[in-house]
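Contents: one structure, followed by commentary.
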There are 2 protein chains.
Amino acid sequence: MSKNLKYISSLLAVDCLIFGFENQMLKVLLIKRKLEPYQNEWSLMGGFLKREESADESASRVLKELTGLDGVFMEQIKTFSKYDRDPTERVISIVYSSLIDVRKFETLLNQEYEARWFKITEVPDLLFDHAEMVIAGRDHLKKKAALQPILFELLAEKFTLPQIQQLYEEVFEANFDKRNFSRKLLASKLLKKLDEKDKSGSKKGAFYYQLDKQTNHYNFNILLNLAYSQL
Amino acid sequence: MSKNLKYISSLLAVDCLIFGFENQMLKVLLIKRKLEPYQNEWSLMGGFLKREESADESASRVLKELTGLDGVFMEQIKTFSKYDRDPTERVISIVYSSLIDVRKFETLLNQEYEARWFKITEVPDLLFDHAEMVIAGRDHLKKKAALQPILFELLAEKFTLPQIQQLYEEVFEANFDKRNFSRKLLASKLLKKLDEKDKSGSKKGAFYYQLDKQTNHYNFNILLNLAYSQL
DNA sequence: AAAGTAAGTGTTAATTTGACAATTAAAAAA
DNA sequence: TTTTTTAATTGTCAAATTAACACTTACTTT
(Lines give C-alpha, C1' and ligand atoms only; values in the text may rest on other atoms or scores of the structure.)
Protein backbone atom coordinates (compact mmCIF):
# COMPACT_ATOMS: atom_id res chain seq x y z
CA MET A 1 0.00 0.00 0.00
CA SER A 2 2.69 2.47 0.94
CA LYS A 3 5.02 3.38 -1.83
CA ASN A 4 7.89 3.65 0.54
CA LEU A 5 8.87 0.64 2.55
CA LYS A 6 10.77 2.74 5.04
CA TYR A 7 7.45 3.90 6.39
CA ILE A 8 4.84 1.63 7.78
CA SER A 9 1.17 1.50 7.60
CA SER A 10 -1.00 0.55 10.47
CA LEU A 11 -4.50 -0.42 11.38
CA LEU A 12 -6.50 2.43 12.85
CA ALA A 13 -8.55 1.89 15.94
CA VAL A 14 -10.62 4.05 18.22
CA ASP A 15 -11.16 3.36 21.90
CA CYS A 16 -13.92 5.02 23.86
CA LEU A 17 -13.58 6.14 27.39
CA ILE A 18 -17.17 6.30 28.59
CA PHE A 19 -17.76 8.20 31.80
CA GLY A 20 -20.89 7.99 33.86
CA PHE A 21 -22.05 9.16 37.28
CA GLU A 22 -24.05 6.63 39.23
CA ASN A 23 -24.76 6.29 42.95
CA GLN A 24 -22.73 9.41 43.63
CA MET A 25 -19.69 7.89 41.99
CA LEU A 26 -17.70 8.62 38.87
CA LYS A 27 -17.52 5.49 36.78
CA VAL A 28 -16.18 4.17 33.49
CA LEU A 29 -17.80 1.61 31.28
CA LEU A 30 -15.58 -1.33 30.40
CA ILE A 31 -16.15 -4.44 28.40
CA LYS A 32 -14.88 -7.95 28.80
CA ARG A 33 -13.41 -9.52 25.71
CA LYS A 34 -15.17 -12.68 24.70
CA LEU A 35 -12.78 -13.94 22.06
CA GLU A 36 -9.23 -15.11 21.94
CA PRO A 37 -6.65 -13.74 22.07
CA TYR A 38 -6.87 -11.90 25.38
CA GLN A 39 -10.17 -13.51 26.21
CA ASN A 40 -11.78 -12.22 29.42
CA GLU A 41 -9.53 -9.19 29.65
CA TRP A 42 -11.26 -5.95 30.49
CA SER A 43 -10.78 -3.10 28.07
CA LEU A 44 -12.27 0.08 26.73
CA MET A 45 -14.90 -0.34 24.07
CA GLY A 46 -13.15 0.02 20.76
CA GLY A 47 -13.19 -0.77 17.09
CA PHE A 48 -11.41 -0.30 13.82
CA LEU A 49 -11.91 2.49 11.36
CA LYS A 50 -13.73 1.52 8.24
CA ARG A 51 -12.90 2.61 4.76
CA GLU A 52 -13.92 6.24 4.28
CA GLU A 53 -14.58 6.70 7.96
CA SER A 54 -12.94 9.39 10.08
CA ALA A 55 -11.96 8.72 13.66
CA ASP A 56 -14.78 10.94 14.91
CA GLU A 57 -17.30 8.99 12.93
CA SER A 58 -15.82 5.70 13.97
CA ALA A 59 -15.92 6.62 17.64
CA SER A 60 -19.56 7.66 17.40
CA ARG A 61 -20.40 4.42 15.69
CA VAL A 62 -18.59 2.34 18.29
CA LEU A 63 -20.28 4.19 21.12
CA LYS A 64 -23.67 3.68 19.58
CA GLU A 65 -22.94 0.02 19.03
CA LEU A 66 -22.40 -0.48 22.73
CA THR A 67 -24.82 1.92 24.31
CA GLY A 68 -27.40 2.62 21.66
CA LEU A 69 -26.78 6.30 22.30
CA ASP A 70 -26.55 8.97 19.66
CA GLY A 71 -25.50 12.58 19.79
CA VAL A 72 -23.52 12.16 22.96
CA PHE A 73 -20.82 14.57 24.06
CA MET A 74 -17.57 13.14 22.77
CA GLU A 75 -14.09 14.46 22.35
CA GLN A 76 -10.81 13.23 21.02
CA ILE A 77 -8.28 12.84 23.82
CA LYS A 78 -5.04 11.39 22.58
CA THR A 79 -3.55 8.95 20.13
CA PHE A 80 -1.55 5.98 21.31
CA SER A 81 1.00 4.75 18.85
CA LYS A 82 3.79 2.69 20.38
CA TYR A 83 4.67 0.16 17.73
CA ASP A 84 4.18 -2.85 19.98
CA ARG A 85 1.23 -1.63 21.99
CA ASP A 86 -0.76 -4.41 20.39
CA PRO A 87 1.63 -7.37 20.14
CA THR A 88 -0.41 -8.97 17.37
CA GLU A 89 0.12 -6.33 14.74
CA ARG A 90 0.64 -2.63 14.45
CA VAL A 91 -2.45 -0.74 15.48
CA ILE A 92 -2.64 2.82 16.60
CA SER A 93 -5.54 3.88 18.72
CA ILE A 94 -7.24 7.23 18.80
CA VAL A 95 -8.90 7.59 22.17
CA TYR A 96 -12.16 9.42 22.70
CA SER A 97 -13.87 10.45 25.88
CA SER A 98 -17.62 10.65 26.19
CA LEU A 99 -19.86 11.74 29.01
CA ILE A 100 -23.19 10.06 29.21
CA ASP A 101 -26.20 10.05 31.44
CA VAL A 102 -26.26 6.47 32.65
CA ARG A 103 -30.05 6.50 33.04
CA LYS A 104 -30.52 7.02 29.34
CA PHE A 105 -29.33 3.65 28.28
CA GLU A 106 -29.35 1.28 31.20
CA THR A 107 -31.50 -1.22 29.41
CA LEU A 108 -30.11 -0.68 25.96
CA LEU A 109 -26.73 -2.22 26.56
CA ASN A 110 -25.84 -4.33 23.58
CA GLN A 111 -26.04 -7.91 24.73
CA GLU A 112 -23.18 -9.02 22.52
CA TYR A 113 -20.82 -7.42 24.96
CA GLU A 114 -20.30 -8.00 28.59
CA ALA A 115 -20.14 -4.44 29.83
CA ARG A 116 -19.86 -3.15 33.35
CA TRP A 117 -19.50 0.12 35.13
CA PHE A 118 -16.42 0.45 37.30
CA LYS A 119 -15.79 3.07 39.88
CA ILE A 120 -12.97 5.18 38.52
CA THR A 121 -10.80 4.30 41.50
CA GLU A 122 -11.43 0.61 41.08
CA VAL A 123 -10.63 -0.05 37.48
CA PRO A 124 -9.25 -3.56 37.01
CA ASP A 125 -6.15 -4.46 35.03
CA LEU A 126 -6.77 -3.59 31.43
CA LEU A 127 -5.75 -4.77 27.99
CA PHE A 128 -2.65 -3.30 26.35
CA ASP A 129 -2.19 0.37 27.21
CA HIS A 130 -5.80 0.96 28.16
CA ALA A 131 -4.90 1.82 31.74
CA GLU A 132 -2.89 4.75 30.43
CA MET A 133 -5.87 5.78 28.38
CA VAL A 134 -8.04 5.92 31.47
CA ILE A 135 -5.51 8.12 33.20
CA ALA A 136 -5.22 10.43 30.21
CA GLY A 137 -8.98 10.68 29.94
CA ARG A 138 -9.47 11.42 33.56
CA ASP A 139 -6.82 14.07 33.52
CA HIS A 140 -8.40 15.61 30.47
CA LEU A 141 -11.79 15.61 32.13
CA LYS A 142 -10.46 17.56 35.08
CA LYS A 143 -8.98 20.23 32.89
CA LYS A 144 -11.98 20.44 30.66
CA ALA A 145 -14.36 20.63 33.59
CA ALA A 146 -12.34 23.40 35.18
CA LEU A 147 -12.77 25.55 32.11
CA GLN A 148 -16.22 24.62 30.94
CA PRO A 149 -19.55 23.56 32.45
CA ILE A 150 -19.34 20.13 30.94
CA LEU A 151 -20.09 17.84 33.85
CA PHE A 152 -23.81 18.42 33.46
CA GLU A 153 -23.62 15.94 30.61
CA LEU A 154 -23.21 13.26 33.22
CA LEU A 155 -26.38 14.16 35.07
CA ALA A 156 -30.03 13.71 34.28
CA GLU A 157 -32.01 16.62 32.88
CA LYS A 158 -32.94 17.59 36.42
CA PHE A 159 -30.45 17.38 39.23
CA THR A 160 -29.98 18.71 42.72
CA LEU A 161 -27.23 20.85 44.19
CA PRO A 162 -25.97 18.06 46.43
CA GLN A 163 -25.72 15.84 43.37
CA ILE A 164 -23.73 18.25 41.28
CA GLN A 165 -21.45 19.03 44.18
CA GLN A 166 -20.82 15.35 44.73
CA LEU A 167 -19.94 15.03 41.07
CA TYR A 168 -17.46 17.88 41.20
CA GLU A 169 -15.92 16.39 44.29
CA GLU A 170 -15.49 13.07 42.55
CA VAL A 171 -13.96 14.59 39.46
CA PHE A 172 -11.59 16.87 41.30
CA GLU A 173 -10.89 14.47 44.12
CA ALA A 174 -11.55 17.20 46.62
CA ASN A 175 -14.13 18.37 49.09
CA PHE A 176 -15.84 21.68 48.77
CA ASP A 177 -17.74 23.68 51.34
CA LYS A 178 -21.38 23.43 50.32
CA ARG A 179 -22.18 27.03 51.15
CA ASN A 180 -19.36 28.34 49.02
CA PHE A 181 -19.96 25.81 46.30
CA SER A 182 -23.61 26.65 45.80
CA ARG A 183 -22.94 30.36 46.02
CA LYS A 184 -20.40 30.14 43.22
CA LEU A 185 -22.36 27.78 41.07
CA LEU A 186 -25.54 29.81 41.29
CA ALA A 187 -23.64 33.00 40.57
CA SER A 188 -22.86 31.54 37.17
CA LYS A 189 -26.52 32.05 36.23
CA LEU A 190 -26.29 28.72 34.54
CA LEU A 191 -28.94 26.98 36.57
CA LYS A 192 -32.67 27.40 36.91
CA LYS A 193 -34.35 26.28 40.09
CA LEU A 194 -37.45 24.13 39.67
CA ASP A 195 -40.36 23.84 42.08
CA GLU A 196 -40.05 20.11 42.30
CA LYS A 197 -37.97 18.29 44.85
CA ASP A 198 -36.00 15.09 44.80
CA LYS A 199 -37.03 13.17 47.88
CA SER A 200 -34.89 10.13 47.32
CA GLY A 201 -31.83 11.38 49.13
CA SER A 202 -33.30 12.84 52.26
CA LYS A 203 -36.47 13.50 54.20
CA LYS A 204 -36.43 17.17 53.48
CA GLY A 205 -35.81 16.66 49.81
CA ALA A 206 -33.54 18.74 47.59
CA PHE A 207 -34.80 21.08 44.93
CA TYR A 208 -34.18 20.15 41.34
CA TYR A 209 -32.29 22.47 39.04
CA GLN A 210 -31.72 22.34 35.35
CA LEU A 211 -29.43 24.04 32.89
CA ASP A 212 -30.94 27.32 31.87
CA LYS A 213 -30.52 27.39 28.13
CA GLN A 214 -31.55 31.04 28.03
CA THR A 215 -28.38 32.36 29.53
CA ASN A 216 -25.47 32.14 27.18
CA HIS A 217 -23.48 34.84 28.84
CA TYR A 218 -22.62 32.92 31.93
CA ASN A 219 -19.65 33.38 34.17
CA PHE A 220 -18.04 30.10 34.59
CA ASN A 221 -14.64 31.03 35.87
CA ILE A 222 -16.14 31.03 39.31
CA LEU A 223 -15.84 27.29 39.33
CA LEU A 224 -12.47 27.42 37.84
CA ASN A 225 -10.76 28.90 40.84
CA LEU A 226 -12.48 26.45 43.01
CA ALA A 227 -11.08 23.64 40.97
CA TYR A 228 -7.70 25.05 40.22
CA SER A 229 -5.78 23.71 43.13
CA GLN A 230 -6.72 20.22 42.06
CA LEU A 231 -5.46 20.39 38.51
CA MET B 1 -1.54 -6.70 6.26
CA SER B 2 -4.91 -6.43 7.93
CA LYS B 3 -6.70 -9.69 8.33
CA ASN B 4 -10.01 -8.06 7.81
CA LEU B 5 -10.65 -6.25 4.59
CA LYS B 6 -13.53 -4.31 6.08
CA TYR B 7 -10.98 -2.30 7.98
CA ILE B 8 -8.30 -0.27 6.39
CA SER B 9 -4.76 0.47 7.15
CA SER B 10 -3.20 3.80 6.70
CA LEU B 11 0.10 5.56 6.57
CA LEU B 12 0.95 7.37 9.77
CA ALA B 13 2.27 10.90 9.65
CA VAL B 14 3.16 13.53 12.17
CA ASP B 15 2.92 17.25 11.55
CA CYS B 16 4.66 19.76 13.75
CA LEU B 17 3.21 23.07 14.68
CA ILE B 18 6.24 25.10 15.63
CA PHE B 19 5.56 28.29 17.54
CA GLY B 20 8.02 31.07 17.98
CA PHE B 21 8.01 34.63 19.30
CA GLU B 22 9.95 37.10 17.25
CA ASN B 23 9.80 40.87 16.97
CA GLN B 24 6.99 40.94 19.52
CA MET B 25 4.88 38.64 17.40
CA LEU B 26 3.65 35.10 17.75
CA LYS B 27 4.72 33.14 14.71
CA VAL B 28 4.58 29.68 13.21
CA LEU B 29 7.24 28.01 11.16
CA LEU B 30 6.06 26.72 7.80
CA ILE B 31 7.82 25.02 4.95
CA LYS B 32 7.33 25.22 1.26
CA ARG B 33 7.07 21.93 -0.54
CA LYS B 34 9.71 21.50 -3.19
CA LEU B 35 8.41 18.40 -4.90
CA GLU B 36 5.35 17.47 -6.89
CA PRO B 37 2.60 16.92 -6.14
CA TYR B 38 1.57 20.12 -4.41
CA GLN B 39 4.84 21.79 -5.20
CA ASN B 40 5.26 25.23 -3.65
CA GLU B 41 2.39 24.82 -1.24
CA TRP B 42 3.06 25.90 2.30
CA SER B 43 2.55 23.36 5.03
CA LEU B 44 3.55 22.32 8.49
CA MET B 45 6.75 20.39 8.76
CA GLY B 46 5.85 16.74 8.78
CA GLY B 47 6.98 13.22 8.12
CA PHE B 48 5.98 9.60 8.26
CA LEU B 49 6.38 7.25 11.15
CA LYS B 50 9.08 4.68 10.73
CA ARG B 51 8.90 1.09 11.67
CA GLU B 52 9.07 0.74 15.46
CA GLU B 53 8.72 4.45 15.97
CA SER B 54 6.03 6.01 18.14
CA ALA B 55 4.40 9.28 17.16
CA ASP B 56 6.23 11.11 19.96
CA GLU B 57 9.56 9.86 18.69
CA SER B 58 8.68 10.62 15.14
CA ALA B 59 7.66 14.17 15.95
CA SER B 60 10.91 14.78 17.82
CA ARG B 61 12.87 13.44 14.91
CA VAL B 62 11.02 15.59 12.41
CA LEU B 63 11.47 18.70 14.52
CA LYS B 64 15.16 18.04 14.86
CA GLU B 65 15.48 17.45 11.15
CA LEU B 66 14.17 20.92 10.43
CA THR B 67 15.49 22.97 13.30
CA GLY B 68 18.40 21.00 14.64
CA LEU B 69 16.83 21.35 18.06
CA ASP B 70 16.64 18.64 20.66
CA GLY B 71 14.76 18.41 23.92
CA VAL B 72 12.23 21.01 22.97
CA PHE B 73 8.85 21.33 24.65
CA MET B 74 6.45 19.33 22.52
CA GLU B 75 2.97 18.02 23.01
CA GLN B 76 0.49 15.98 21.07
CA ILE B 77 -2.48 18.08 20.01
CA LYS B 78 -4.89 16.16 17.87
CA THR B 79 -5.11 13.51 15.20
CA PHE B 80 -6.58 14.27 11.80
CA SER B 81 -8.09 11.31 10.06
CA LYS B 82 -10.61 12.20 7.36
CA TYR B 83 -10.19 9.50 4.76
CA ASP B 84 -9.57 11.90 1.90
CA ARG B 85 -7.56 14.52 3.74
CA ASP B 86 -4.64 13.53 1.56
CA PRO B 87 -6.13 12.81 -1.87
CA THR B 88 -3.17 10.69 -2.87
CA GLU B 89 -3.66 7.92 -0.37
CA ARG B 90 -4.96 7.38 3.10
CA VAL B 91 -2.73 9.07 5.65
CA ILE B 92 -3.67 10.07 9.14
CA SER B 93 -1.70 12.79 10.79
CA ILE B 94 -0.91 13.16 14.45
CA VAL B 95 -0.26 16.82 15.11
CA TYR B 96 2.24 18.07 17.63
CA SER B 97 2.84 21.53 18.96
CA SER B 98 6.24 22.76 20.03
CA LEU B 99 7.41 26.00 21.53
CA ILE B 100 10.88 27.07 20.66
CA ASP B 101 13.16 29.97 21.27
CA VAL B 102 13.72 31.27 17.77
CA ARG B 103 17.17 32.57 18.64
CA LYS B 104 18.41 29.09 19.37
CA PHE B 105 18.32 27.89 15.84
CA GLU B 106 18.21 30.79 13.48
CA THR B 107 21.23 29.64 11.61
CA LEU B 108 20.64 25.92 11.91
CA LEU B 109 17.67 25.74 9.61
CA ASN B 110 18.05 22.71 7.44
CA GLN B 111 18.80 23.99 3.99
CA GLU B 112 16.90 21.19 2.29
CA TYR B 113 13.72 22.95 3.26
CA GLU B 114 12.48 26.36 2.47
CA ALA B 115 11.22 27.39 5.86
CA ARG B 116 9.76 30.70 6.94
CA TRP B 117 8.22 32.21 10.02
CA PHE B 118 4.71 33.55 9.55
CA LYS B 119 2.88 35.80 11.89
CA ILE B 120 0.07 33.72 13.32
CA THR B 121 -2.50 36.10 11.90
CA GLU B 122 -0.95 35.99 8.45
CA VAL B 123 -0.65 32.33 7.71
CA PRO B 124 -1.00 31.67 3.99
CA ASP B 125 -3.21 29.01 2.43
CA LEU B 126 -1.94 25.65 3.50
CA LEU B 127 -1.78 22.12 2.20
CA PHE B 128 -4.64 19.73 2.95
CA ASP B 129 -6.13 20.32 6.38
CA HIS B 130 -3.10 22.10 7.79
CA ALA B 131 -5.03 25.32 8.31
CA GLU B 132 -7.28 23.46 10.73
CA MET B 133 -4.22 22.17 12.48
CA VAL B 134 -2.96 25.69 13.04
CA ILE B 135 -6.27 26.68 14.56
CA ALA B 136 -6.36 23.62 16.80
CA GLY B 137 -2.81 24.26 17.94
CA ARG B 138 -3.42 27.86 18.69
CA ASP B 139 -6.51 27.09 20.68
CA HIS B 140 -4.63 24.47 22.60
CA LEU B 141 -1.83 26.89 23.34
CA LYS B 142 -4.26 29.36 24.87
CA LYS B 143 -5.73 26.79 27.18
CA LYS B 144 -2.39 25.36 28.13
CA ALA B 145 -0.91 28.78 28.78
CA ALA B 146 -3.84 29.71 30.98
CA LEU B 147 -3.14 26.78 33.25
CA GLN B 148 0.61 26.56 33.17
CA PRO B 149 3.61 28.86 32.86
CA ILE B 150 4.55 27.46 29.51
CA LEU B 151 5.05 30.53 27.37
CA PHE B 152 8.52 31.07 28.78
CA GLU B 153 9.60 28.33 26.41
CA LEU B 154 9.17 30.87 23.64
CA LEU B 155 11.50 33.42 25.18
CA ALA B 156 15.22 33.59 25.57
CA GLU B 157 16.80 32.65 28.86
CA LYS B 158 16.59 36.29 29.88
CA PHE B 159 13.54 38.38 29.07
CA THR B 160 11.94 41.60 30.17
CA LEU B 161 8.52 42.26 31.60
CA PRO B 162 7.37 44.20 28.55
CA GLN B 163 8.42 41.23 26.41
CA ILE B 164 6.52 38.63 28.37
CA GLN B 165 3.49 40.84 28.55
CA GLN B 166 3.56 41.33 24.82
CA LEU B 167 3.74 37.57 24.40
CA TYR B 168 0.72 37.00 26.61
CA GLU B 169 -1.16 39.66 24.75
CA GLU B 170 -0.39 37.96 21.47
CA VAL B 171 -1.39 34.54 22.67
CA PHE B 172 -4.60 35.67 24.30
CA GLU B 173 -5.43 38.31 21.74
CA ALA B 174 -6.04 40.80 24.49
CA ASN B 175 -4.48 43.79 26.16
CA PHE B 176 -3.52 43.80 29.78
CA ASP B 177 -2.82 46.69 32.10
CA LYS B 178 0.90 46.63 32.68
CA ARG B 179 0.66 47.50 36.36
CA ASN B 180 -1.77 44.68 37.05
CA PHE B 181 0.07 42.29 34.78
CA SER B 182 3.45 42.71 36.37
CA ARG B 183 1.99 42.62 39.87
CA LYS B 184 0.34 39.29 39.19
CA LEU B 185 3.22 37.77 37.37
CA LEU B 186 5.71 38.73 40.04
CA ALA B 187 3.39 37.47 42.75
CA SER B 188 3.82 34.02 41.26
CA LYS B 189 7.40 34.02 42.57
CA LEU B 190 8.34 32.43 39.32
CA LEU B 191 10.72 35.13 38.17
CA LYS B 192 14.04 36.36 39.37
CA LYS B 193 15.05 39.91 38.58
CA LEU B 194 18.54 40.36 37.17
CA ASP B 195 20.74 43.43 37.44
CA GLU B 196 21.21 43.70 33.73
CA LYS B 197 19.01 45.70 31.44
CA ASP B 198 17.86 45.23 27.90
CA LYS B 199 18.47 48.53 26.17
CA SER B 200 17.23 47.54 22.75
CA GLY B 201 13.63 48.49 23.27
CA SER B 202 13.91 51.84 24.92
CA LYS B 203 16.24 54.49 26.15
CA LYS B 204 15.61 53.71 29.74
CA GLY B 205 16.06 50.01 29.24
CA ALA B 206 14.06 47.22 30.84
CA PHE B 207 15.40 44.89 33.48
CA TYR B 208 15.93 41.29 32.53
CA TYR B 209 14.23 38.52 34.43
CA GLN B 210 14.65 34.80 34.28
CA LEU B 211 12.74 31.80 35.51
CA ASP B 212 13.70 31.08 39.06
CA LYS B 213 14.24 27.36 39.14
CA GLN B 214 14.46 27.42 42.91
CA THR B 215 10.79 28.02 43.49
CA ASN B 216 8.68 25.05 42.69
CA HIS B 217 5.78 26.05 44.85
CA TYR B 218 4.60 28.88 42.70
CA ASN B 219 1.11 30.27 42.45
CA PHE B 220 0.24 30.31 38.88
CA ASN B 221 -3.51 30.58 38.97
CA ILE B 222 -3.01 34.29 39.25
CA LEU B 223 -2.41 34.38 35.54
CA LEU B 224 -5.25 32.11 34.90
CA ASN B 225 -7.92 34.57 35.90
CA LEU B 226 -6.29 37.17 33.85
CA ALA B 227 -6.51 35.00 30.83
CA TYR B 228 -9.83 33.38 31.44
CA SER B 229 -12.04 35.79 29.64
CA GLN B 230 -10.10 35.09 26.46
CA LEU B 231 -10.45 31.36 26.41
C1' DA C 1 20.39 71.39 29.10
C1' DA C 2 16.12 70.05 27.18
C1' DA C 3 13.21 66.88 24.99
C1' DG C 4 11.69 62.43 24.04
C1' DT C 5 10.58 57.68 25.02
C1' DA C 6 9.34 53.63 27.18
C1' DA C 7 9.86 51.44 31.95
C1' DG C 8 8.48 51.31 36.40
C1' DT C 9 5.59 52.04 40.24
C1' DG C 10 0.94 52.85 44.17
C1' DT C 11 -3.63 53.68 45.72
C1' DT C 12 -8.29 52.78 46.35
C1' DA C 13 -12.93 51.15 46.00
C1' DA C 14 -15.34 47.16 44.79
C1' DT C 15 -15.58 42.43 44.48
C1' DT C 16 -14.58 37.84 45.71
C1' DT C 17 -12.96 34.56 48.71
C1' DG C 18 -12.78 31.18 52.46
C1' DA C 19 -13.90 29.92 56.91
C1' DC C 20 -17.40 29.10 59.82
C1' DA C 21 -22.75 26.93 62.20
C1' DA C 22 -27.54 27.72 62.90
C1' DT C 23 -32.10 26.88 60.92
C1' DT C 24 -35.51 24.46 58.17
C1' DA C 25 -38.36 20.94 55.88
C1' DA C 26 -40.01 16.65 55.81
C1' DA C 27 -40.37 11.82 57.20
C1' DA C 28 -40.12 8.48 60.74
C1' DA C 29 -40.54 7.14 65.30
C1' DA C 30 -42.43 7.57 69.72
C1' DT D 1 -49.77 14.59 68.17
C1' DT D 2 -45.23 15.31 69.51
C1' DT D 3 -40.51 14.30 69.17
C1' DT D 4 -36.63 12.75 66.79
C1' DT D 5 -33.85 12.28 62.92
C1' DT D 6 -31.62 13.52 58.71
C1' DA D 7 -29.98 16.11 55.12
C1' DA D 8 -30.88 20.71 52.70
C1' DT D 9 -30.65 25.36 52.96
C1' DT D 10 -29.07 29.78 54.15
C1' DG D 11 -25.76 34.26 56.03
C1' DT D 12 -21.89 36.81 58.02
C1' DC D 13 -17.52 38.74 58.22
C1' DA D 14 -12.64 39.48 57.85
C1' DA D 15 -9.12 38.91 54.50
C1' DA D 16 -7.53 38.68 49.94
C1' DT D 17 -7.88 39.88 45.27
C1' DT D 18 -9.23 42.54 41.54
C1' DA D 19 -9.76 46.27 38.20
C1' DA D 20 -9.32 50.84 37.19
C1' DC D 21 -6.55 54.57 36.98
C1' DA D 22 -1.67 58.35 35.82
C1' DC D 23 2.47 60.06 37.42
C1' DT D 24 7.53 59.58 37.97
C1' DT D 25 11.97 57.74 36.55
C1' DA D 26 16.02 56.44 33.82
C1' DC D 27 18.33 56.91 30.00
C1' DT D 28 19.29 58.55 25.15
C1' DT D 29 19.20 61.87 21.71
C1' DT D 30 19.11 66.41 20.18
Side-chain angles (χ1 to χ4, degrees), chain A residues 23-24 146 155 158-169 172 174-210 217-231, chain B residues 23-25 146 155 158-170 172 174-210 217-231:
Chain A
N23 298 332
Q24 320 274 70
L155 297 168
K158 301 181 296 186
F159 47 82
T160 66
L161 289 181
Q163 276 165 17
I164 184 88
Q165 178 168 353
Q166 179 67 33
L167 172 53
Y168 270 84
E169 292 183 342
F172 290 107
N175 294 313
F176 303 124
D177 180 276
K178 61 184 172 178
R179 288 160 291 191
N180 295 337
F181 183 87
S182 68
R183 174 157 42 92
K184 285 183 161 198
L185 187 56
L186 294 173
S188 74
K189 310 270 191 186
L190 214 58
L191 300 186
K192 197 168 67 181
K193 188 178 188 173
L194 305 182
D195 289 332
E196 201 184 347
K197 272 185 167 183
D198 167 33
K199 296 278 181 62
S200 67
S202 74
K203 300 171 179 175
K204 181 176 180 179
F207 279 104
Y208 279 118
Y209 287 78
Q210 63 181 185
H217 51 85
Y218 57 81
N219 260 27
F220 195 69
N221 55 342
I222 41 182
L223 277 187
L224 186 145
N225 281 326
L226 176 148
Y228 185 80
S229 52
Q230 269 68 43
L231 285 183
Chain B
N23 297 331
Q24 319 275 70
M25 289 179 291
L155 297 168
K158 301 181 294 185
F159 47 83
T160 67
L161 289 180
Q163 275 165 17
I164 183 87
Q165 176 168 355
Q166 179 68 32
L167 172 53
Y168 270 85
E169 292 182 340
E170 281 277 305
F172 291 105
N175 293 313
F176 303 124
D177 179 278
K178 63 181 173 180
R179 288 161 289 190
N180 295 337
F181 184 87
S182 69
R183 176 157 39 84
K184 285 183 160 199
L185 187 56
L186 294 173
S188 75
K189 311 273 189 178
L190 215 57
L191 301 186
K192 197 168 67 181
K193 188 177 188 174
L194 304 182
D195 289 332
E196 199 183 347
K197 272 185 167 184
D198 166 33
K199 295 279 180 63
S200 67
S202 73
K203 297 171 181 178
K204 183 177 179 180
F207 279 103
Y208 279 119
Y209 287 78
Q210 61 181 192
H217 51 86
Y218 54 80
N219 260 25
F220 195 68
N221 54 342
I222 41 184
L223 277 186
L224 184 147
N225 282 326
L226 177 147
Y228 185 80
S229 53
Q230 269 68 43
L231 285 184

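Order of the sequence lines fixes the chain letters, A, B, ..., with proteins taken first and strands second; residue numbering starts at 1 for each chain.
The side-chain heavy atoms of A:I164 and A:L155, taken from C-beta on, include a pair separated by under 4.5 Å. Looking at A:Q210 and A:L191, their side chains never come closer than 4.5 Å, going by heavy atoms from C-beta outward.
Screening A:K178, A:K184, A:R183 for a side-chain hydrogen bond (donor to acceptor under 3.5 Å, both in side chains) involving A:N180 leaves a single residue, A:R183.
Among the atoms of the strands shown, only primed sugar atoms or phosphate atoms (P, OP1, OP2) are found under 4.0 Å from some heavy atom of B:K197.
Legend: residues meeting side chain to side chain donor-acceptor pair (under 3.5 Å) with B:Q166, ordered by chain and number and at least two apart, are absent. Applying the side chain to side chain contact (heavy atoms under 4.5 Å, CB included) criterion to B:N175, with sequence neighbours excluded, gives B:E169. Applying the side chain to side chain donor-acceptor pair (under 3.5 Å) criterion to B:Q24, with sequence neighbours excluded, gives no partner residue. Listed by chain and residue number, A:E196 satisfy the side chain to side chain donor-acceptor pair (under 3.5 Å) test with A:K158 (two or more places apart in sequence, or in another chain).
We find that CD of B:Q163 is positioned 13 Å from C1' of C:dA7, with the value rounded to whole Å. Atom CD in B:Q166 sits about 13 Å away from atom P in C:dA6, given to the nearest Å. Following rounding to the nearest Å, B:D198 (CG) and C:dT5 (P) show an atom-to-atom distance of 18 Å. Rounded to an integer number of Å, the gap from CG of A:L185 to C1' of D:dA8 is 15 Å. Following rounding to the nearest Å, A:F181 (CZ) and C:dA19 (P) show an atom-to-atom distance of 16 Å. To the nearest angstrom, P of D:dT9 lies 11 Å from CD of A:Q165. The distance between atom CG of A:L194 and atom P of D:dA8, rounded to the nearest whole Å, is 17 Å. Rounded to an integer number of Å, the gap from NZ of A:K184 to C1' of C:dG18 is 9 Å.
The base of D:dT9 sits within donor-acceptor range of the side chain of A:K178, with an N or O pair under 3.5 Å.
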Enumerate the protein-to-nucleotides 2-6 of chain D contacts in which both atoms are nitrogen or oxygen and the separation is below 3.5 Å.
none

Interface polar pairs with nucleotides 10-15 of chain C, N/O, under 3.5 angstrom:
none

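Between B:F176 and B:Y168, the gap from one ring centroid to the other reaches at least 6.0 Å.
Applying the side chain to side chain donor-acceptor pair (under 3.5 Å) definition to pairs two or more places apart or across chains, those involving residues 200-209 of chain A are A:D198-A:S200.
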